[in-house]
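Small disclaimer: the values here were computed from a predicted structure and weren't measured. Any value given below was found using the heavy atoms of this structure, including those in side chains, with hydrogens, waters and symmetry copies removed.
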Amino acid sequence: LNLESIGFEPKALISRAMQVLRHKAEEKGLSITDSTCDTELSPVLIGDPYRLNQVLLNLISNAIKFTEKGCVDLSCSVVKDTTVMQTILIEVKDTGIGMDELFVNNLFEKFAQEDVSVTRQYGGTGLGMSISKDLVELMGGEIIVRSKKGTGTSVSFKVEFAKGRTDDLPSKATFSININKNMLANKKILVVDDNKMNRLVAKTILHNYGAITTEAVNGREAIDLLQQYEIDLVLMDIQMPVMGGMEATKIIRDEISGSLPIIALTANAIKGDNEKCIDGGMNAYLSKPFKEEDLLKMVSFWLEEGKASPATKDVNGEVSQGKLYDLSTIRTISRGNEIFVVKMVNMFIEHTPAQVVEMEAKYHDGDYKGMGAIAHKIKPGIDNMGIVSLKETIRAIERIGKDGMDIDLVPDLLQKVSKDLGQVIDALKVEFEVMAIE
């Protein structure tokens, strides 16, 4: 793993991590608090906010998971302060089931859980604490656990960071949302969420910019409305009673529309969820709670230049394709960090053609399972780059490799991958030529 060394705002980072998991605590009737945030904490620190956020999410999630009543509290204090450095101590304390002292000593071993009953009742792999320890030590810090069976657990970690200034914060992409208050004028947007407050927030933002909204409290209601009314875009929650967002999206794609923009709204900030949403037929992914700017940026993009573009028949009955690629997913993940976008594009250009050549070689050698395995490796890149024309093609190759059936289809599929990928890479090189980085 490589660590970033960029400016970040520690208070905002801690607040966001808590907010992401607040719904999980509330579902269990737990309070989640930040009792102490040291007033001496530097407004800006230099380090890797992404790794720090990963540790926080692991610890807070664990605390909520193993607590049935009471609270989860997070505190942050400065334990060492110089003119250029700060050592901060972050503690996550819960009132959960706790652990025996003997198990605490083995807590950081991979796949470790206290006993079979814990695994059966609470689930999980026992990897979270091991990963957290590795990340903290990678940042040059240490992590400490104190626990007593039946009374709760305290996990704290201490890391030293350089002090930063506002100028050290990564520049954020600007989005002028104040210029045109009618930017979504008369656009019909369906907001699907079982939480009334979530629907109200989304509707209020959209109404302020001229949109016409309709509500549904589950996927089944959403499908009924889409069968009756013309809708320009859907904001779709993932977890809902009666019918969830993934199931509803599949029905929409199969029976109603292959091109209607559907944006997933989810409170889960787990790596892989984005890919699941895209694989399930959604166009983009927005984590709750979202900022007004992020929602408007994504909605306006998909209503205009980024409309879904699966294969459609033109007036002559010929199949035509939409955009060669669509980087909206990567740009959403990057949150305005264009360097990240360029790195992702360069990695795709550098590695994917070689993987395609290897996949073709596996086919000619009769190693169909190997061919399918390489298709599986290529698939995330195809999805992340928004290459709609190859989304189903690469999955077909993967599927054929697994079950060994329909081998006669492979030559045409491989030819399509090679042709379309060549066009995409040529276009990417043109767009990113001036932004090439090492």
Side-chain angles (χ1 to χ4, degrees), residues 249-250 253-254 257-262 264 272 274-285 301-302 305-314 318-333 341 343-364 367-403 405-432:
T249 298
K250 185 178 187 309
R253 291 297 181 228
D254 291 344
S257 172
S259 60
L260 173 67
I262 302 176
N274 198 335
E275 184 179 342
K276 288 178 184 177
C277 292
I278 303 302
D279 285 349
M282 295 176 174
N283 300 98
Y285 171 104
F301 176 87
W302 285 103
E305 58 183 298
K307 285 181 179 177
S309 54
T312 55
K313 289 189 176 181
D314 61 23
E318 297 295 325
V319 173
S320 61
Q321 298 293 337
K323 296 169 60 178
L324 285 172
Y325 59 88
D326 179 357
L327 303 182
S328 61
T329 297
I330 292 177
R331 293 192 190 282
T332 300
I333 297 171
V341 176
K343 283 182 178 179
M344 291 290 287
V345 169
N346 283 349
M347 286 173 61
F348 181 79
I349 292 173
E350 180 181 353
H351 297 296
T352 309
Q355 290 174 323
V356 171
V357 171
E358 187 181 359
M359 181 171 64
E360 292 172 340
K362 293 289 186 184
Y363 164 71
H364 291 299
D367 182 3
Y368 303 131
K369 287 190 180 297
M371 174 192 73
I374 296 171
H376 180 74
K377 290 182 181 179
I378 296 172
K379 182 171 65 175
I382 297 292
D383 292 344
N384 286 333
M385 291 290 133
I387 308 173
V388 177
S389 68
L390 292 180
K391 183 175 179 179
E392 294 305 322
T393 306
I394 202 69
R395 283 163 171 77
I397 296 173
E398 179 187 15
R399 186 169 56 252
I400 291 171
K402 284 181 179 178
D403 59 31
M405 298 175 64
D406 299 322
I407 297 297
D408 57 316
L409 299 177
V410 173
D412 288 341
L413 295 172
L414 290 175
Q415 184 178 7
K416 178 172 176 56
V417 171
S418 180
K419 177 187 173 185
D420 288 13
L421 186 65
Q423 293 176 344
V424 168
I425 287 178
D426 287 345
L428 285 170
K429 285 180 177 178
V430 170
E431 179 177 351
F432 287 86

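Residues satisfying the side chain to side chain contact (heavy atoms under 4.5 Å, CB included) criterion with Asp403, sequence neighbours excluded, are Arg399, Met405. When the side chain to side chain contact (heavy atoms under 4.5 Å, CB included) test is applied to Ser257, the partners found at least two apart in sequence or on another chain are Ser259, Leu260. Every residue meeting the side chain to side chain contact (heavy atoms under 4.5 Å, CB included) condition with Gln415, not counting sequence neighbours, appears here in chain and number order: Asp412. The side-chain hydrogen bond (donor to acceptor under 3.5 Å, both in side chains) search around Glu398 returns His376, Lys379, not counting sequence neighbours. Taking the side-chain hydrogen bond (donor to acceptor under 3.5 Å, both in side chains) definition, one finds that His351 meets it with nothing, sequence neighbours left out. By the side chain to side chain contact (heavy atoms under 4.5 Å, CB included) test, Lys391 pairs with Ile278, Asp383, Arg395, sequence neighbours left out. In terms of the side-chain hydrogen bond (donor to acceptor under 3.5 Å, both in side chains) criterion, residue partners of Lys250 (sequence neighbours excluded) are, by chain and number, Asp254. The salt bridge (Lys or Arg N to Asp or Glu O under 4.0 Å) check on Asp367 picks up Lys362, with sequence neighbours excluded.
Taking CE from Met347 and CD from Glu350, the interatomic distance works out to 8.0 Å, rounded to the nearest 0.5 Å. For the atom pair CG (Leu421) and CD1 (Ile378), the distance works out to 8.0 Å, reported to the nearest 0.5 Å. Rounding to the nearest 0.5 Å places NZ of Lys429 at 6.5 Å from CG of Asp426. To the nearest 0.5 Å, atom CD1 of residue Ile374 and atom CD of residue Glu358 are 3.5 Å apart. Residue Met344 holds its CE atom at 12.0 Å from CG of Leu428, rounded to the nearest 0.5 Å.
Two residues are said to be in side-chain contact when any heavy atoms from C-beta on lie closer than 4.5 Å; Thr393 and Ile382 fail this criterion. Side-chain contact between Val424 and Met385 is absent, with no heavy-atom pair separated by less than 4.5 Å. For the pair Leu414/His364, no side-chain contact is recorded, criterion being any heavy-atom separation below 4.5 Å from C-beta on.
Taking all atoms of both residues into account, the shortest heavy-atom contact from Asn283 to Trp302 is O-CZ2, 3.3 Å. The two atoms that bring Ala264 and Met282 nearest to each other are CB-SD, 3.2 Å, heavy atoms only. The two residues Val356 and Val417 make their nearest non-hydrogen contact at CG2-CG1, 4.0 Å. Between Ile425 and Pro353, the closest heavy-atom pair is CD1-CG, 3.3 Å. Minimum heavy-atom separation, Ile397 to Ala375: CG2-CB, 3.9 Å. The two atoms that bring Ser389 and Asp420 nearest to each other are OG-OD2, 2.9 Å, heavy atoms only.
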query: side-chain contact (heavy atoms from CB on, under 4.5 Å) between Asp326 and Phe301: does it pass, once the steps are laid out?
result: CA-CA 11 Å; Asp326 179 357; Phe301 176 87; 3.5 Å; yes

- prompt: Are Ile387 and Phe348 close enough, and set up right, to give a side-chain contact (heavy atoms from CB on, under 4.5 Å), and what steps lead you there?
  reply: CA-CA 12 Å; Ile387 308 173; Phe348 181 79; 3.6 Å; yes

